[in-house]
Peer 1: 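The structure under discussion is supplied below as structure tokens; questions concerning it will follow.
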Amino acid sequence: MRDMAQLLTAIVVLGTLALIVTRIRARQIHFRFGEWPLGQQIEAGLAVVFAVLAALAGAAGEFGFATWLALMAALLVAFAVLSWPKSP
């Protein structure tokens, strides 16, 4: 289970870095799901789901997996909040 969490964390970190580099190079071209219709609401909902699953995993004693889920929830919330002020 620990190997899977480490692999998923590495994938998320590399994906986040790729997203940042793409945004810098493309200058205002966004490939984010949050910019689709209803995308921000779905992003926020996924963040809530990840946070609830992190709480359940923590209660079950799976602290490593709970930490990973909490990190994913925090990243989703951060990306959603950053894009909300730009919405029409």
Side-chain angles (χ1 to χ4, degrees):
M1 189 62 147
R2 177 180 280 186
D3 293 335
M4 180 61 97
Q6 289 174 344
L7 178 64
L8 291 174
T9 302
I11 289 170
V12 168
V13 168
L14 290 176
T16 303
L17 290 175
L19 178 66
I20 291 169
V21 168
T22 303
R23 289 184 102 179
I24 290 171
R25 294 189 67 166
R27 294 187 187 216
Q28 305 301 326
I29 295 177
H30 307 288
F31 298 105
R32 285 199 47 245
F33 177 74
E35 295 177 359
W36 300 356
L38 297 177
Q40 292 172 342
Q41 289 82 4
I42 293 172
E43 243 180 7
L46 282 174
V48 170
V49 168
F50 277 140
V52 169
L53 289 175
L56 291 174
E62 293 289 333
F63 299 114
F65 191 55
T67 303
W68 180 81
L69 286 169
L71 175 66
M72 296 305 105
L75 283 173
L76 280 170
V77 167
F79 283 136
V81 168
L82 287 175
S83 65
W84 281 356
K86 298 177 187 174
S87 300

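The figures that follow rest on heavy atoms only: side chains count, while hydrogens, waters and symmetry mates do not. FYI, the numbering just counts along the sequence from 1.
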Peer 1: List, one per line, each side-chain donor-acceptor pair under 3.5 Å for residues 7-15, sequence neighbours excluded.
Peer 2:
residue, atom, partner, partner atom, Å
Thr9, OG1, Ala5, O, 2.7
Thr9, OG1, Trp68, NE1, 3.1

Peer 1: Using the rule that two of Ile, Leu, Val, Met, Phe, Trp, Tyr join whenever any of their side-chain heavy atoms come within less than 4.5 Å, decide whether Leu71 and Phe63 are in one cluster.
Peer 2: no
Peer 1: Residues in side-chain contact (heavy atoms from CB on, under 4.5 Å) with Ala57, at least two apart?
Peer 2: Glu62, Phe65, Ala66, Leu69
Peer 1: Going by the rule side-chain contact (heavy atoms from CB on, under 4.5 Å), which residues pair with Val52 if we only count those two or more places apart in sequence or in a different chain?
Peer 2: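 With sequence neighbours excluded, Val52 shows a side-chain contact (heavy atoms from CB on, under 4.5 Å) to Val48, Leu56, given in chain and number order.
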Peer 1: Taking only residues two or more places apart in sequence or in another chain, which ones pass side-chain contact (heavy atoms from CB on, under 4.5 Å) with Ala47?
Peer 2: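 Scan of Ala47 (side-chain contact (heavy atoms from CB on, under 4.5 Å), adjacent residues dropped) gives Leu76, Val77.
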Peer 1: By the side-chain hydrogen bond (donor to acceptor under 3.5 Å, both in side chains) test, which pairs, at least two apart or in different chains, include something from residues 52-61?
Peer 2: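 Checked against side-chain hydrogen bond (donor to acceptor under 3.5 Å, both in side chains) - neighbours excluded - no pair reaches residues 52-61.
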Peer 1: Using side-chain contact (heavy atoms from CB on, under 4.5 Å) as the criterion, list what pairs up with Ala51, not counting sequence neighbours.
Peer 2: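 By the side-chain contact (heavy atoms from CB on, under 4.5 Å) rule, Ala51 matches Ala73.
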